[in-house]
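The first residue in the sequence is number 1, and the count goes up from there. In each ligand, atom 1 is the first atom listed, and ligand 1 is the first ligand listed.
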Amino acid sequence: MSAQSSLIDHATALIGFDELVGLLHAVFVKHGTSPEAAAILAHNCASAERDGAHSHGIFRIPGYLSTLASGWVDGNATPVVTDVASGFVRVDACNGFAQPALAAARALLIEKARSAGIALLAIHNSHHFAALWPDVEPFAEEGLVALSVVNSMTCVVPHGADRPLFGTNPIAFAAPRADGAPIVFDLATSAIAHGDVQIAARKGERLPPGMGVDSLGQPTTDPKAVLEGGALLPFGGHKGSALSMMVELLAAALTGGNFSFEFNWADHPGARTPWTGQLLIVIDPSKTAGQSFAERSQELVRQMHAAGLRRLPGDRRHRTRAKSLQEGITVEAQALAQLRDWAL
Ligand SMILES: NC(=O)C1=CN([C@@H]2O[C@H](COP(=O)(O)OP(=O)(O)OC[C@H]3O[C@@H](n4cnc5c(N)ncnc54)[C@H](OP(=O)(O)O)[C@@H]3O)[C@@H](O)[C@H]2O)C=CC1
Ligand SMILES: O=C(O)C1=NCCCC1
């Protein structure tokens with residue numbers, strides 16, 4: 001049975017968050033990442049699983065492992081942080097994963113944001129294979145506003161174009177508020193994340209209309225047709241397409257990273273991670289004039305609820321997180337057994 005197909009099973013098991021982090025750490029180390037990088041990736045992946053962000057939880061482990069085995073990514077890379085200017089930090093991830101690069105620069109970025117009011121982190125030469133909200137949420141938990149973009153691999157046809165060029169290019173934002181968890185959203189600029197198309201294909205489900213095209217450029221709801229020579233569409237037509245273009249500019253051109261169409265993993269069978277760039281902007285809202293930012297963001301939430309809104313971005317994740325932390329994280333039993341094998 002291949003690593004990919006071995007993660008499809010419907011009997012479930014429960015595992016605690018810390019145990020899952022430990023298990024994933026062992027898997028990453030066993031498959032060629034440094035203990036430091038493994039700790040960061042394991043926490044990231046377990047957090048996604050804990051919060052029900054399944055397209056970027058343990059579903060991604062076979063992709064991480066085949067990528068490491070292919071030699072495409074360096075699991076032992078030591079990121080190089082450069083203090084470029086008062087509000088600008090650059091990190092060369094040295095062909096490693098993006099999250100350890102962010103971790104290496106985080107303290108300097110926060111120091112700059114607090115002293116100048118705003119600071120920018122430009123990561124290049126990096127691989128981001130995860131959800132983006134874990135990169136921004138912790139800043140808001142420390143009272144800061146954070147925005148991040150990352151570009152992925154070519155699989156999205158720009159609005160009005162004939163062939164794929166952009167990646168699924170997510171945008172994540174986090175802001176503190178006075179009473180409650182930070183306001184966080186994290187969304188692909190494609191109509192659907194590539195990971196969710198893969199999950200739909202495995203489950204034999206159709207996609208909602210308007211998300212993808214087949215190899216002839218014709219609209220399709222068949223996820224396999226999208227994955228096998230087809231492509232995705234941006235969300236919201238020309239509007240999502242413009243945001244995706246912006247992500248290419250900020251995450252690649254501005255950081256010195258690759259555009260989504262610029263890398264070629266053809267010589268690395270099994271490689272799955274995009275070798276691109278990531279940008280983070282961190283703002284210290286204590287510099288805001290007038291009432292505190294957290295009070296103002298709380299007022300906005302209050303008014304949204306008063307207007308009838310029942311679900312804020314992040315609410316579903318937080319509900320799932322609370323349940324997972326109380327009862328354990330529900331995972332497919334066979335996937336868990338496979339992780340235990342890979343950790344040996
Ligand atoms: N590393 C990479 O290169 C890439 C990573 N990704 C990741 O894929 C993941 C999934 O992206 P995507 O499919 O676009 O995410 P979704 O469309 O599922 O969700 C996008 C955002 O909208 C919120 N949301 C969803 N439905 C509602 C609703 N009915 N009312 C209010 N808020 C809502 C979500 O909150 P909630 O979470 O609470 O549901 C989330 O913040 C992201 O984590 C993204 O970072 C995607 C592309 C590339
Ligand atoms: O789901 C997606 O879209 C992606 N996730 C990880 C990196 C590649 C694209």
Apply side chain to side chain contact (heavy atoms under 4.5 Å, CB included) to residues Ile183 and Val301 and explain how you reach the verdict. CA-CA 9 Å; Ile183 300 170; Val301 169; 3.6 Å; yes
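- Below 3.5 Å of separation, one finds an N or O of Arg60 facing an N or O of ligand 2.
- Which parts of ligand 1 touch Arg317 is read off a 4.0 Å heavy-atom cut-off, strictly below it: atoms 37 (O), 38 (O).
- Taking only non-hydrogen atoms, the option from Val156, Asp196, Asp186 nearest to atom 43 (O) of ligand 1 is Asp186.
- Ion pairing between a basic and an acidic side chain is recognised when a charged N comes within 4.0 Å of a carboxylate O; Glu142 and Arg106 show such pairing.
- A distance of 6.0 Å separates NZ of Lys112 from OG of Ser86, quoted to the nearest 0.5 Å.
- At a threshold of 4.0 Å, the pair Glu299-Arg302 counts as salt-bridged, since one of the basic side-chain nitrogens sits closer than that to a carboxylate oxygen.
- At least one N or O atom of Gly195 sits closer than 3.5 Å to an N or O atom of ligand 2.
- Residue contact check for ligand 2: His128 places a non-hydrogen atom closer than 4.0 Å to it.
- The protein atom (non-hydrogen) at minimum distance from atom 37 (O) of ligand 1 is Arg316 NH2, 3.1 Å.
- For Ser152, every heavy-atom contact with ligand 2 shorter than 4.0 Å involves the side chain, none the backbone.
- Taking CG of Leu280 as the start and CG of Leu132 as the end, the distance is 7.5 Å to the nearest 0.5 Å.
- Residue contacts with ligand 1 include Ala130, since one or more of its heavy atoms lies under 4.0 Å from the ligand.
- When non-hydrogen atoms are compared, ligand 1 lies under 4.0 Å from neither the backbone nor the side chain of His194.
- By the 3.5 Å distance cut-off applied to N or O atoms, Thr168 is counted among the residues near ligand 2.
- The shortest separation from a heavy atom of Ala53 to ligand 1 is not under 4.0 Å, leaving the residue out of contact.
- The N/O atoms of Leu312, backbone and side chain alike, include none that comes under 3.5 Å of an N/O atom in ligand 1.
- Contacts between Asp315 and ligand 1, counted as non-hydrogen atom pairs separated by less than 4.0 Å, involve the backbone only.
- In terms of polar-atom proximity, defined here as any N/O pair under 3.5 Å, Trp133 makes no such contact with ligand 1.
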